[in-house]
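Quick note: residue numbers are just sequence positions, from 1.
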Amino acid sequence: MIHNSLAAANILARSQDQRRDHDKMPLPAKSPMRRLHVILLSVTVAVYAGIMAPSVSAAPSGLPPFVLRHLDQIRIHLRCRAFHADWRRLTRLYPSKADRAFIVVDIARQRLDLFLRGRFADAWPVSTSRYGIGRQLGSFKTPTGVFRVTRIVGYGAPSNEVLGGDGPTDRTAKPIDVAHDIAASRLILGRILELQGLQPGWNRGGSVDTARRDIYIHGTANIGMLGEPASRGCVQMAPGAVLQLARLIPVGALVLITQGTNNPLRIPGPLPKQARG
């Protein structure tokens, strides 16, 4: 028994000596490729974690173009994953046969993204309200929250057809590609996607009712201001873009209008209690 104890002690001592020798060994030099991977990972975590950067231009300056492209791909991937989760969450809350289509309007980026069955499909520049974000009747501001497309006006009309609340007016207008032409924003072209708020007290009912405020997604003659706020509350698109969007979505499609993807709360307003947590 004493012999076995001595043997065990010798084995333990040798193991400790080997561990000390291993700790004294120099670490292997990092290869250039491994160093690059570490840099990319560090920059990605610092800048893009949580989809904090609205565009690749927000990345640190001085990085090589291929690194910027890589970071942009990561940003797009993170955005798609985040909005896929939002789409899954909202379809459980507001089920519909039209839930395969999901529209996201990012006010900070002045961009509309279309997701089909949770996958990114296309994106277009838009113009939201030049008066900012708001929900009150008469404010001429763009509301945020969750909506549904209740009606598409203008089926069969060409992209340059001027539309009214009841449909085509038999008038046409040529889009104006001039910056700061606010007057052109009054003309609605191509299609109108009428919206209904889904959050009582936030964008539905009373003085915050989106349908009562006549807030739409529609084509505009003012294509020169797309990408910056120019409307009186609606979400404006290029006439050809809104025709394409209307072809891809069914009536009843979900719409999320968010202040910006760099905002921690991507889904504004109250949600049913079962969605919390």
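Between R212 and L137, some side-chain heavy-atom pair lies under the 4.5 Å cut-off. Contact annotation: the side chain of P229 never approaches that of Y131 to less than 4.5 Å [non-hydrogen atoms, C-beta and beyond]. Within the 4.5 Å cutoff, no side-chain heavy atoms of T258 are placed close to those of V105. Within the 4.5 Å cutoff, no side-chain heavy atoms of L163 are placed close to those of T169. Residues Q199 and L271 form a side-chain contact, since some pair of their non-hydrogen atoms from C-beta on lies under 4.5 Å apart. For the pair R148/D99, a side-chain contact is recorded, criterion being any heavy-atom separation below 4.5 Å from C-beta on. In this structure the side chain of T142 reaches within 4.5 angstrom of the side chain of I107, judged on heavy atoms. Put simply, the side chain of L189 does not reach to within 4.5 Å of the side chain of K174, judged on heavy atoms.
In this structure, the side chain of H84 engages the main chain of G118 through a donor-acceptor pair within 3.5 Å. Under a 3.5 Å cut-off, the side chain of T210 and the backbone N or O of N203 do form a donor-acceptor pair. Listed for the R111 side chain is no donor-acceptor partner under 3.5 Å among the backbone atoms of A123. In this structure, R186 contributes its side chain and A221 its backbone to no donor-acceptor pair below 3.5 Å. The backbone N or O of D170 sits less than 3.5 Å from a side-chain atom of E161, completing a donor-acceptor pair.
Of the inter-residue distances, the one linking Y216 atom OH with R151 atom CZ reads 8.5 Å to the nearest 0.5 angstrom. Note that the CH2 atom of W124 and the CG atom of D113 stand 9.0 Å from one another [nearest 0.5 Å]. Distance check, rounded to the nearest 0.5 Å: CZ of R204 to CZ of F147 gives 12.0 Å. Interatomic distance, N222 CG to E228 CD, rounded to the nearest 0.5 Å: 8.5 Å. Taking CD1 from I215 and CZ from F140, the interatomic distance works out to 9.5 Å, rounded to the nearest 0.5 Å. For the atom pair R100 CZ and R117 CZ, the distance stands at 6.0 Å (nearest 0.5 Å).
Cluster annotation: L114 and I217 are assigned to the same hydrophobic cluster (Ile/Leu/Val/Met/Phe/Trp/Tyr, side-chain heavy-atom contacts under 4.5 Å, transitive). Hydrophobic clustering (side-chain heavy atoms under 4.5 Å, transitive across Ile, Leu, Val, Met, Phe, Trp, Tyr) groups V126 together with I133. Taken together through direct or relayed side-chain contacts under 4.5 Å among Ile, Leu, Val, Met, Phe, Trp and Tyr, I257 and W202 form parts of separate hydrophobic clusters. Connection of V146 to V208 is not established within any shared hydrophobic cluster, with ILVMFWY side chains joined at heavy-atom distances below 4.5 Å, either directly or through further cluster members. Transitive grouping of hydrophobic side chains (ILVMFWY, heavy atoms separated by less than 4.5 Å) keeps F120 and L112 in distinct clusters.
Ion pair R232/D214 not flagged as a salt bridge, since none of the NZ, NE, NH1 or NH2 atoms sits closer than 4.0 Å to an Asp/Glu carboxylate oxygen.
Between G164 and I192, the closest heavy-atom pair is O-CD1, 3.6 Å. Smallest separation of non-hydrogen atoms from P200 and P270: O-CG, 4.4 Å. Closest approach of A108 to G260, counting heavy atoms only: CB-CA, 3.8 Å. What you find for Q259 and T144 is that their closest heavy atoms are N-CG2, 4.2 Å. When every heavy atom of G167 is checked against every heavy atom of V153, the shortest pair comes out as CA-CG1, 3.5 Å. Summarising the geometry of C234 relative to S231, their closest heavy-atom pair is O-OG, 2.7 Å, with the distance given to 0.1 Å.
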Let me check something: any side-chain donor-acceptor pairs from residues 235-255 under 3.5 Å, sequence neighbours excluded? List them with distances.
residue	atom	partner	partner atom	Å
Q236	NE2	S185	O	3.2
Q244	NE2	D122	OD2	3.2

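Taking the six-membered ring where tryptophan is involved, the planes of F102 and F83 are perpendicular, since the angle between them exceeds 60° and thus also 30°.
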Under the side-chain contact (heavy atoms from CB on, under 4.5 Å) rule, what do L256 and I267 come out as? Steps first, then yes or no, please.
CA-CA 7 Å; L256 172 64; I267 305 178; 4.3 Å; yes
Output, in order, the C-alpha distance, side-chain angles, deciding distance and verdict of side chain to side chain donor-acceptor pair (under 3.5 Å) for Q110 and T128.
CA-CA 7 Å; Q110 293 292 292; T128 59; 2.7 Å; yes
Quick one: do V162 and T172 satisfy side-chain contact (heavy atoms from CB on, under 4.5 Å)? Show the steps, please.
CA-CA 5 Å; V162 178; T172 59; 5.6 Å; no
